[in-house]
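Throughout, a chain's letter reflects where its sequence line sits, starting with A, and its residues are numbered from 1.
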Amino acid sequence: MSVGCCIAFPDWAYKPESSPGSRQIQLWHFILELLQKEEYQGVIAWQGDYGEFVIKDPDEVARLWGLRKCKPHMNYDKLSRALRYYYNKRILHKTKGKRFTYKFNFSKVVLVNYPLLDMASSPQKLEELTCSVIITALLPVFND
DNA sequence: GTCGGAAAAG
DNA sequence: CTTTTCCGAC
């Protein structure tokens, strides 16, 4: 567990500059990025349970991802394989039965000394937080 | 559609 | 190490 300025998050969410995988944007980070922007709600959006999101337009998400990584031949088949590698890493898991739906493991994300809410001692409080609050808190840490 | 092995790229 | 590419199996 690593500690940031205002929040503490698991090591899977922490990628220092020197870390091998940090040189290029991580897929799950990119997903979080799209999820945060309203203009992509027709392409990918939060839906269902806490941390759950649905890819409404798989081809478009793949196109956007390919654009970011300069991989013109990216498609949902390949993007989804990358997402499946996250299962064992406990970053994501599949919401079975729901098409194009995955779920972030925010249960491993613990916020401490949050400016407005005191949830460090109450796991229930974390569940009450909206995903957008979590993302808004996490993204500044990951961005340059 | 989803899964996960295998090989390979960076 | 993460992700890309390819693909057989269900």
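- Residue whose closest nucleotide on DNA chain B sits further toward the 5' end, between D77(A) and N88(A): D77(A).
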For this session: Would you sort out whether L35(A) and Q41(A) count as a side chain to side chain contact (heavy atoms under 4.5 Å, CB included), showing the intermediate values?
Result: CA-CA 7 Å; L35(A) 247 16; Q41(A) 281 185 4; over 6 Å; no
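- Here the CG atom belonging to N105(A) is positioned 12.0 Å from the CH2 atom belonging to W28(A), to the nearest 0.5 angstrom.
- Rounded to a whole Å, the NZ atom of K78(A) is 16 Å from the C1' atom of dA6(B).
- Figure legend: cation-pi geometry between R84(A) and Y86(A) absent, as NZ or CZ is not positioned both under 6.0 Å from the six-membered ring centre and within 45° of its axis.
- Between Y76(A) and F100(A), a ring centre-to-centre spacing shorter than 6.0 Å is recorded.
- M74(A) places its CE atom 16 Å from the P atom of dT2(C), with the value rounded to the nearest Å.
- Between the OH atom of Y85(A) and the P atom of dT3(C) there is a distance of 11 Å, rounded to whole Å.
- The pair R68(A)-E33(A) counts as a salt bridge, with a side-chain nitrogen and a carboxylate oxygen less than 4.0 angstrom apart.
- When rounded to the nearest whole Å, the span between CD of Q26(A) and P of dT3(C) equals 5 Å.
- Distance NZ (K103(A)) to C1' (dT2(B)): 19 Å, rounded to an integer number of Å.
- For the pair N75(A) CG and dT2(B) P, the interatomic distance rounds to 14 Å; values are reported in whole Å.
- Rounded to an integer number of Å, the gap from NE2 of H29(A) to C1' of dT2(C) is 15 Å.
- Within the nucleic acid shown, R99(A) comes within 4.0 Å of sugar-phosphate atoms alone, with no base atom in reach, counting heavy atoms only.
- Across the protein-nucleic acid pair, K98(A) atom NZ and dT2(B) atom P stand 13 Å apart, rounded to whole Å.
- No hydrogens or angles were tested; on distance alone, a donor-acceptor pair under 3.5 Å links the side chain of R81(A) to the base of dG5(B).
- Counting non-hydrogen atoms under 4.0 angstrom, L27(A) reaches the backbone sugars and phosphates but no base.
- Across all strands, Y86(A) comes closer than 4.0 Å only to sugar-phosphate atoms, never to a base (heavy-atom distances).
- Not one side-chain nitrogen or oxygen of K71(A) sits closer than 4.0 Å to the OP1 or OP2 atom of dT4(C).
- The side chain of K89(A) contributes an N or O atom lying less than 4.0 Å from OP1 or OP2 of dT2(C).
- Within the 4.0 angstrom heavy-atom criterion, only backbone atoms of the sugar-phosphate kind lie near K94(A); the bases stay farther away.
- Residue W65(A) places at least one side-chain N or O under 4.0 Å from the OP1 or OP2 atom of dT4(C).
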